Amino acid sequence: MFEKGDFIVYGSTGICVIEDVTTMDFPGTSQERLYYVMLPYRKNGNKIFTPVDNPKMKLRRVLTREETLALIDEIPDIEQIGISEEKLREQKYKEYIRSCECKNWIRIMKTLHHRNQERISRGKKVTATDERYYKMAEENLYTEFSISLGMSVKEVREYLSQRLGHAE
């Protein structure tokens, strides 16, 4: 169970801070049932209430510093998404954003970086869909890394560029 003040990753919302763990006085709910009260981190958003015992909830603790550094070392070996059909690829993006898994966010970013470079080299623009999913994956990943590494998002961006030898 998470505690007040913990940083967690919650579904497609991304990084949240546990503001409280408490019972709720909702009509039709048990007074005994515990809820997480969460605030989206670095986003203006409403509080999120979700039962602690909700089996459908995708929720995990933010990576530790050691886990983050190990994952950064793996980035060159993480494969892109190998789906050429637009609709199927977008479904995979949605699934990967909701997965709460850093490796899936990296897959999205690597796929879209490569795809966008190809489009630009052919004189085409980056699609709005591609841009939207890239930004969601990037925000989730860089925010999580910033928390676990104790850096600003800008510093994370620079650190990754230096560690990986390029812009990602």
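Please read these numbers as outputs of a predicted model, since none were measured by experiment.
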Report the C-alpha separation of Glu95 and Gln91 in whole Å, then their side-chain angles, then the decisive distance to 0.1 Å, and conclude whether the side-chain contact (heavy atoms from CB on, under 4.5 Å) test is met.
CA-CA 6 Å; Glu95 176 188 325; Gln91 286 175 354; over 6 Å; no
Closest contact, heavy atoms only, [X] versus [Y]:
{"X": "Lys92", "Y": "Ile81", "answer": "CG-CG2, 3.9 Å"}
{"X": "Leu59", "Y": "Tyr36", "answer": "CD2-CE1, 3.8 Å"}
{"X": "Thr22", "Y": "Met24", "answer": "CG2-CE, 3.6 Å"}
{"X": "Glu67", "Y": "Thr64", "answer": "OE1-N, 2.8 Å"}
{"X": "Cys100", "Y": "Gly11", "answer": "SG-N, 3.0 Å"}
{"X": "Arg61", "Y": "Met1", "answer": "NH2-O, 4.1 Å"}

Could you tell me whether [X] atom [atom1] has more than 12 heavy atoms of other residues or ligands within 6.0 Å of it?
{"X": "Arg98", "atom1": "CZ", "answer": "no"}
{"X": "Glu3", "atom1": "CD", "answer": "no"}
{"X": "Asp53", "atom1": "CG", "answer": "yes"}

Looking at side-chain heavy atoms only, is the closest gap between [X] and [Y] below 4.5 Å?
{"X": "Ile108", "Y": "Asn140", "result": "no"}
{"X": "Val52", "Y": "Val21", "result": "yes"}
{"X": "Arg33", "Y": "Thr23", "result": "no"}

Give a yes or no answer on whether the side chain of Glu101 reaches the backbone of Asn104 with a donor-acceptor pair at less than 3.5 Å.
no
Between the main-chain N or O of Tyr96 and the side-chain N or O of Ser99, is there a donor-acceptor pair closer than 3.5 Å?
yes
Common cluster, [X]/[Y], ILVMFWY with side-chain heavy-atom separation under 4.5 Å:
{"X": "Phe145", "Y": "Met136", "answer": "yes"}
{"X": "Phe2", "Y": "Tyr35", "answer": "no"}
{"X": "Ile8", "Y": "Ile48", "answer": "yes"}
{"X": "Leu164", "Y": "Met109", "answer": "yes"}
{"X": "Ile147", "Y": "Met38", "answer": "no"}

[atom2] on [Y] to [atom1] on [X], rounded to 0.5 Å:
{"X": "Leu34", "Y": "Asn54", "atom1": "CG", "atom2": "CG", "answer": "13.0 Å"}
{"X": "Leu112", "Y": "Thr127", "atom1": "CG", "atom2": "OG1", "answer": "7.5 Å"}
{"X": "Arg157", "Y": "Ser152", "atom1": "CZ", "atom2": "OG", "answer": "9.5 Å"}
{"X": "Tyr10", "Y": "Thr50", "atom1": "OH", "atom2": "OG1", "answer": "4.0 Å"}
{"X": "Asp130", "Y": "Glu90", "atom1": "CG", "atom2": "CD", "answer": "9.0 Å"}
{"X": "Leu141", "Y": "Ile15", "atom1": "CG", "atom2": "CD1", "answer": "9.0 Å"}

Begin with the C-alpha distance, continue with both residues' side-chain angles, and end with the deciding distance and a verdict on side-chain contact (heavy atoms from CB on, under 4.5 Å) for Arg163 and Leu69.
CA-CA 10 Å; Arg163 277 278 301 266; Leu69 294 172; 3.6 Å; yes
State plainly whether the residues [X] and [Y] are in salt-bridge range, i.e. N to O under 4.0 Å.
{"X": "Glu131", "Y": "Lys125", "result": "no"}
{"X": "Lys135", "Y": "Glu138", "result": "no"}
{"X": "Glu74", "Y": "Lys110", "result": "no"}
{"X": "Arg60", "Y": "Glu144", "result": "yes"}

For Tyr133 and Tyr93, take the angle between the two ring planes, folded into 0 to 90°, and tell me which bin it lands in: parallel under 30, tilted 30 to 60, perpendicular over 60.
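Aromatic pair Tyr133/Tyr93 classed tilted.
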Per side chain to side chain contact (heavy atoms under 4.5 Å, CB included), Phe7 is matched among Ile18, Val62, Thr143 by Val62
Hydrogens and angles aside, do Asn116 and Arg119 bring a side-chain donor and acceptor to less than 3.5 Å of each other?
no
Donor-acceptor pair between Glu118 and His114 side chains, under 3.5 angstrom:
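The criterion, which ignores hydrogens and geometry beyond distance, is satisfied for His114 and Glu118.
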Ile83 vs Thr111, side-chain contact (heavy atoms from CB on, under 4.5 Å): CA-CA, chis, key distance, verdict:
CA-CA 10 Å; Ile83 301 173; Thr111 300; over 6 Å; no
Tell me, with the steps shown, if Tyr134 and Val126 meet side-chain contact (heavy atoms from CB on, under 4.5 Å).
CA-CA 11 Å; Tyr134 186 92; Val126 173; over 6 Å; no
